[in-house]
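Only one structure is covered here, and it is reproduced in the block below.
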Amino acid sequence: QVQLVESGGGLVQAGGSLRLSCAASGRTFSSYAMGWFRQAPGKEREFVAAISWSGGSTYDADSVKGRFTISRDNAKNTVYLQMNSLNPEDTAVYYCAASRGINYLSNCAFYDYWGQGTQVTVSS
């Protein structure tokens, strides 16, 4: 089992920044790739970013490329999502997820564990 707990969400003005955290616990956590997804009101869940724990590779959705950065702190078993240049379209519930696989990391169906989500609201 892998337990994931997101934090760091809140209200921020357009153009501002926010840093989300995902604290992970459980067995063989380093074997899991990690991803961030988000779901805005009236829309389906979409991929944001992913990171491979084994290789350190990162992947970003086109909508956030250049603005968001996913990273990890292995000593703390924590994954981060640094969000810069936020706009109202980034408003959503952000979810942290863990995948047993190494491919198709942009597809939420390939993730095995999910956090509870944290709300991010960007005001215009």
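In this view, S106 and F47 satisfy the side chain to side chain contact (heavy atoms under 4.5 Å, CB included) rule, not counting sequence neighbours. Residues satisfying the ring-ring contact (aromatic ring centres under 6.0 Å, His included) criterion with Y113, sequence neighbours excluded, are Y32. With sequence neighbours excluded, no residue forms a ring-ring contact (aromatic ring centres under 6.0 Å, His included) with Y80. Take Y59 and apply the ring-ring contact (aromatic ring centres under 6.0 Å, His included) test, not counting sequence neighbours, and it matches no residue. Partners of E89 by side chain to side chain contact (heavy atoms under 4.5 Å, CB included), not counting sequence neighbours, listed by chain and number: N87. Scored by the ring-ring contact (aromatic ring centres under 6.0 Å, His included) test, Y95 finds no partners at all (sequence neighbours excluded).
Between L20 and E6, every side-chain heavy-atom pair lies at or beyond the 4.5 Å cut-off. Looking only at side-chain heavy atoms (C-beta outward), V64 and R38 come within less than 4.5 Å of each other. Between L86 and F68 there is a side-chain heavy-atom pair separated by less than 4.5 Å. For the pair C96 and W114, the minimum side-chain heavy-atom distance is 4.5 Å or more.
Between E44 atom CD and C108 atom SG the span is 8.0 Å, to the nearest 0.5 Å. Rounding to the nearest 0.5 angstrom, the gap separating the CD atom in Q116 from the SG atom in C22 is 8.5 Å. For the atom pair S57 OG and I70 CD1, the distance stands at 11.5 Å (nearest 0.5 Å). The line from CD of Q13 to OG of S124 is 10.0 Å long, rounded to the nearest 0.5 Å. Taking CZ of F37 as the reference point, atom CG of L81 lies at 12.0 Å (rounded to 0.5 Å).
Put simply, the residue from L4, L105, V2 that forms a side-chain contact (heavy atoms from CB on, under 4.5 Å) with M34 is L4. Of the residues listed (L11, L18, T91, V93), the one engaging V120 in a side-chain contact (heavy atoms from CB on, under 4.5 Å) is L18, and it is the only one.
For residues 114-124, no pair satisfies salt bridge (charged side-chain N to carboxylate O under 4.0 Å, His left out), with sequence neighbours left out. Listed by first and then second residue, the salt bridge (charged side-chain N to carboxylate O under 4.0 Å, His left out) pairs that reach into residues 58-67 are R67-D90, sequence neighbours excluded. Legend: salt bridge (charged side-chain N to carboxylate O under 4.0 Å, His left out) pairs involving residues 101-110, not counting sequence neighbours: none detected. The list of disulfide bond (SG atoms under 2.5 Å apart) pairs with a residue in residues 56-88, not counting sequence neighbours, is empty. Applying the salt bridge (charged side-chain N to carboxylate O under 4.0 Å, His left out) definition to pairs two or more places apart or across chains, those involving residues 110-124 are R100-D112.
Other cluster members for F110: Y104, joined by side-chain heavy-atom distances under 4.5 Å among Ile, Leu, Val, Met, Phe, Trp and Tyr.
Atom CD of Q119 is surrounded by more than 12 heavy atoms from other residues, nucleotides or ligands within 6.0 Å.
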